[in-house]
Each structure stands twice: as C-alpha cells, then as structure tokens.
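Here is the structure we will look at, set down as structure tokens.
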Amino acid sequence: MKFETVIGLEIHAQLKTESKIFCGCSTTFGAPPNTQTCPICLGMPGVLPVLNKKVVKFAIKMGLATDSVVNRFNTFARKNYFYPDLPKGYQTSQFDLPIIGPGVVEVEVDGEKKLIGITRMHMEEDAGKLIHDEVEPVSYVDLNRTGTPLLEIVSEPDMRSPGEAYSYLKKIHSILRYLDICDGNMQEGSFRCDANISLRPVGQEKLGIRTELKNMNSFRNVQNALEYEVRRQRDILLDGGNVVQETLLWNPDKNCTESMRGKEDAHDYRYFPCPDLVPIEISQEWIEEIRASLPELPDQRKARFVEQYGLPEYDSAILTGDRELADFFETAASRGAPAKKVSNWMMTELLRELKGDAIRNSKVTPDHLGELLLMVDKGTISGKIAKTVFIDMMESGKGPQEIVKNKNLLQVSDEGELLALVKEIVAANPGQAEEFKGGREKLMGYFVGQLMQKTKGKANPKLANELFAKELKG
Ligand code: ADP
Ligand code: MG
Ligand code: ZN
C-alpha cells in the first residue's frame with residue numbers, strides 16, 4: 001500500500017518587545033532567575049493585566065506580510081492546565097477569535113512553487129522555565145520568561161513531505177526576521193516549532209491519526225524528526241497496526257522520537273473568555289499605517305536581486321533567505337566588484353568558513369570582502385592569493401589592504417621583472433621549449449607553473465601567458 005504524508009506546523013515566535021505582554025517586566029534573555037517578575041506575571045490574586053500595544057502591532061505586521069486576514073475584532077481566552085512553570089494555572093491566549101487568519105505563504109521545493117495555508121495566528125504569553133539538572137532530585141522554577149509575548153502561527157495540514165515542512169519553516173523564519181519582530185534563535189528557544197504528522201493511504205481524503213513532535217531546536221532536527229516519524233508510522237500501518245495519537249519528543253542523540261504523553265484535545269483545556277482583558281478592536285487606519293511601513297520582504301528582495309544585480313534565481317534565493325546575509329551582500333557589492341563574484345564568494349568561501357555560525361559573527365566585514373574582490377578584479381592580487389588573504393581575514397579580522405601589504409602579496413604585473421624570469425625559465429628547460437615550439441601547447445601550464453613557483457603565486461597569470469607565448473614562439 002502507498003501512503004501520503006500530511007504535515008501541519010505550529011510555530012511559536014517570541015516577539016521582540018522590550019517588556020512582557022501584560023506587565024512592564026523586561027524580556028531580556030539571561031538575567032538571574034526570577035529577577036524579571038512582578039505580581040502580574042507571577043499571577044498574584046487581584047492584579048490586572050494591561051495589553052502591550054507593540055504585541056498587537058507585531059501580530060498585524062506578520063498577518064499583512066503573509067496575505068492573512070487581520071481580524072479587527074479579537075479576544076483573549078484562558079487555556080487552563082496545571083504545570084509548575086505556570087503560576088496562574090492558565091495561559092492567557094486566544095482561541096475562537098484570534099487576531100490573524102486565514103492566510104498563505106509560498107514555498108519552493110526542488111524548483112517547484114507551492115502555497116501553504118495559514119489557519120490562524122494568535123497572541124499569547126510564554127510560560128516559565130523548569131531547571132531539572134542542577135541538583136538532583138530538586139527542580140527549580142525560573143519565572144523570568146513567564147509573560148514573554150508569543151505569536152503562535154498555525155498552518156493548515158498542507159505539507160506533503162519533510163522537505164516541504166523545512167521550506168515552510170525557513171520561510172516563516174525569514175519573514176519574521178525581515179519584519180524584525182522575532183530574533184529567530186532556535187537554540188535559545190525564541191523560535192520553536194511543534195510538528196503534527198500523519199499518514200493516509202494515497203487517494204483517501206480523511207486525515208490519518210497524527211502524532212505531535214516536540215523538542216527540535218534546529219531546522220535540521222525538524223526535518224530529521226519528521227523523516228524518522230514517516231518511517232515509524234509507515235511500519236506500524238504496514239503491519240496492520242494503529243498509530244497512537246500522542247506527543248513525542250525528538251531525541252537528537254539517539255536520532256529517534258520518544259513518547260512524552262498522550263495528546264490532549266482542545267476541550268480538555270476548558271478554554272473560556274478572559275474576563276480581565278477587554279476585546280481588542282483595531283481600526284482600519286492603523287492597519288493601513290502598518291501596511292505602509294512594511295519593509296521589503298524576502299520574495300520581493302529575491303526578485304530585485306535577479307533584476308538589479310543580474311544574479312541567477314538560485315543565488316538570489318539563498319542570499320535573500322536570510323536578511324543579514326542579504327544585507328551583507330548588498331554592502332559588499334556596493335564596493336564595485338562584480339555582483340556574481342561577490343555572490344560566489346559568499347556562498348562558497350564565506351559560508352564554509354562560518355561553519356554554520358551566524359553571519360553577524362563573521363570577522364570578515366562586508367566592506368572588507370568587497371574590497372578584497374575589487375582587488376582581484378583590478379588585478380592587484382590573483383584569485384588564488386585572495387583565497388589565502390581571505391582565510392587570514394577570517395582569523396584576524398584585518399582588512400585585505402593591510403594583509404596584502406604586510407605579507408607582500410601584491411600581484412607582480414611589472415613586465416620587465418616577469419620577462420627576466422620567463423627568459424630564465426625557458427633557458428633552464430630547453431627540452432620542453434622545443435616540444436612547445438613543435439606544437440605541444442599544453443606545456444604552457446608547466447611554464448606558467450614554474451613562474452608561479454618563483455614568484456610564490458604572485459605573477460599576473462594573464463601577463464605570464466602572454467610573455468611565454470611571445471618568448472617561445474618568437
Ligand atoms: P491542537 O489543538 O492539538 O493544537 P489543531 O487542530 O490546532 O490541534 O492542529 C494543530 C496542527 O496540526 C495544525 O497545524 C494542523 O494543520 C495540524 N494537523 C491537524 N490534524 C492533522 C493530521 N491528521 N495530520 C497532520 N497534521 C494535522
Ligand atoms: Mg497544538
Ligand atoms: Zn511582570
């Protein structure tokens with residue numbers, strides 16, 4: 001029997017506000033435990049929440065950027081459950097009247113474009129953090145994160161492969177980063193994803209029984225966990241068994257999913273309207289004001305890169321997928337080296353040397369990369385030397401001019417100087433010279449190689465070829 005994979009993602013984006021969603025406490029990451037709390041986010045009796053306007057604004061931005069409906073009337077609801085990281089005993093969230101939805105984003109997988117539906121986006125507060133591993137068998141509670149604003153983005157079950165889920169996740173991440181409303185750090189948990197996945201026989205319309213995967217703190221892990229789960233569910237179904245609806249945790253060390261708990265349904269949470277927060281009414285003027293302030297988004301920027309810099313679609317997609325990468329490119333290219341050369345260097349040399357680190361941690365600045373490539377373009381240094389200069393830049397953070405000067409790497413383009421060496425080499429290799437004259441032109445590589453050895457790679461290769469040709473053919 002053949003199965004079709006069905007995936008829907010729930011993404012939690014921590015919004016980049018200075019203060020929490022319902023109180024004035026700071027949202028800064030990494031403060032000593034429980035120092036960023038107050039009676040409101042601690043859930044003391046008798047306190048009243050006040051909504052942070054910026055959270056609403058950020059949600060509207062994300063809605064507009066994904067062609068979603070902005071619900072001008074929306075409300076908060078309480079989602080009730082008990083857990084030690086949730087002092088109020090309920091999470092203030094949105095339920096039947098969320099701020100955003102429905103909408104759509106376009107993703108591209110293996111050159112094919114596809115639309116993925118967004119069901120809804122809602123504003124809610126984050127819970128605190130439990131710390132289990134410092135002193136056994138004690139657990140600590142840190143409530144600094146309690147009340148940090150989140151935007152939950154729920155997709156339709158529109159993805160048909162782990163690869164599509166990966167592309168969708170990247171796209172949402174990229175849009176959030178362009179809008180500058182979420183820092184997108186998966187390791188620190190400011191961008192989290194739960195993946196729902198089921199299989200169904202090809203041709204069947206009814207969705208199969210799903211599992212929900214959690215604890216994937218990188219894009220790669222999301223894809224790996226989904227691929228594992230496709231295999232696991234397929235084996236169960238082929239054996240004639242039933243998939244159990246449950247929440248599974250991805251174990252990145254063992255590369256498998258492990259059962260965490262049975263999965264609740266919405267009615268288990270006894271959602272009810274929050275009596276402490278009045279309904280939110282958004283004016284059309286405010287929406288239009290926000291729409292007018294939206295920055296250029298990834299798809300637009302990608303089209304512009306093709307148009308303005310003449311880059312291939314492939315390069316443009318990679319460079320504009322990340323806002324910082326795209327900014328880096330534009331600054332580097334503005335120094336005057338050919339855009340395609342800048343793109344090539346970024347996608348090979350730079351990304352390789354960064355080894356997965358963020359571009360903002362690169363010791364090579366965009367200005368320095370641009371300068372380096374301009375030096376190659378002008379023939380000041382050879383492309384080969386540029387690679388060694390680049391490694392040096394990556395380690396020392398110094399500029400290319402300084403390195404080239406200190407290490408004496410300027411390309412030798414002085415005809416007199418090179419001609420003397422060319423004559424020496426020809427005189428020292430009479431056999432090869434005869435063969436060359438007899439028609440073995442492949443030997444040119446040998447001669448130029450000799451010259452490169454003598455000049456430590458600094459001879460201008462074009463001039464070297466010309467001089468040998470003249471010298472040998474007369
Ligand atoms: P919950 O209340 O458990 O969060 P939702 O109905 O809100 O469930 O769905 C959560 C996510 O799971 C959505 O992204 C949705 O598209 C996806 N989903 C729902 N049913 C299935 C299914 N059978 N297979 C795969 N994904 C599903
Ligand atoms: Mg859910
Ligand atoms: Zn507080």
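Both backbone and side-chain heavy atoms feed into the values below; hydrogens, waters and symmetry mates do not. This chain uses plain numbering: 1 for the first residue, then up along the sequence. In listed order, ligands and their atoms are each counted from 1.
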Measuring from [X]:[atom1] to [Y]:[atom2], what's the distance to the nearest 0.5 Å?
{"X": "E353", "Y": "I391", "atom1": "CD", "atom2": "CD1", "value": "4.0 Å"}
{"X": "T146", "Y": "I21", "atom1": "OG1", "atom2": "CD1", "value": "13.0 Å"}
{"X": "N71", "Y": "H122", "atom1": "CG", "atom2": "NE2", "value": "13.0 Å"}

Practice problem: Flag the pair R200 and E205 as a salt bridge only when some basic side-chain nitrogen lies within less than 4.0 angstrom of an acidic carboxylate oxygen. | Solution: no
Self-check item: Electrostatic pair D126:R192 at N-O distance under 4.0 angstrom
Solution: yes
Practice problem: Please report the C-alpha distance between R78 and D276 in whole Å, then the side-chain angles of each, then the deciding distance to 0.1 Å, and finally whether the salt bridge (charged side-chain N to carboxylate O under 4.0 Å, His left out) criterion is met. | Solution: CA-CA 10 Å; R78 291 183 178 178; D276 285 345; 3.0 Å; yes
Using a 4.0 Å heavy-atom cut-off, which part of [X] comes near ligand 1: side chain, backbone, both, or neither?
{"X": "I209", "result": "neither"}
{"X": "E212", "result": "neither"}
{"X": "V154", "result": "side chain"}

Quiz item: Can we call the ring centroids of F272 and Y90 under 6.0 Å apart?
Solution: no
Quiz item: For the residue pair F219 and H173, is the inter-centroid distance of their aromatic rings smaller than 6.0 Å?
Solution: yes
Any atoms of ligand 1 less than 4.0 Å from a non-hydrogen atom of [X]? List them with their elements.
{"X": "L9", "value": "14 (O)"}
{"X": "L207", "value": "22 (C), 23 (N)"}
{"X": "G8", "value": "14 (O), 16 (O), 17 (C), 26 (N)"}
{"X": "E156", "value": "16 (O)"}

Exercise. May I ask which of G208, S155, P157 has a heavy atom nearer to atom 14 (O) of ligand 1 than the others do?
Key: S155
Quiz prompt | Contacts of the Zn ion (ligand 3) with protein N/O/S atoms, counting only those under 2.8 Å | solution = C23 SG, C25 SG, C38 SG, C41 SG
Exercise. Please state whether the rings of F76 and F22 are parallel, tilted or perpendicular, taking 30° and 60° as the class boundaries.
Key: perpendicular
Self-check item: Aromatic plane relationship, F95 with Y271 - under 30° parallel, 30 to 60° tilted, over 60° perpendicular
Solution: parallel
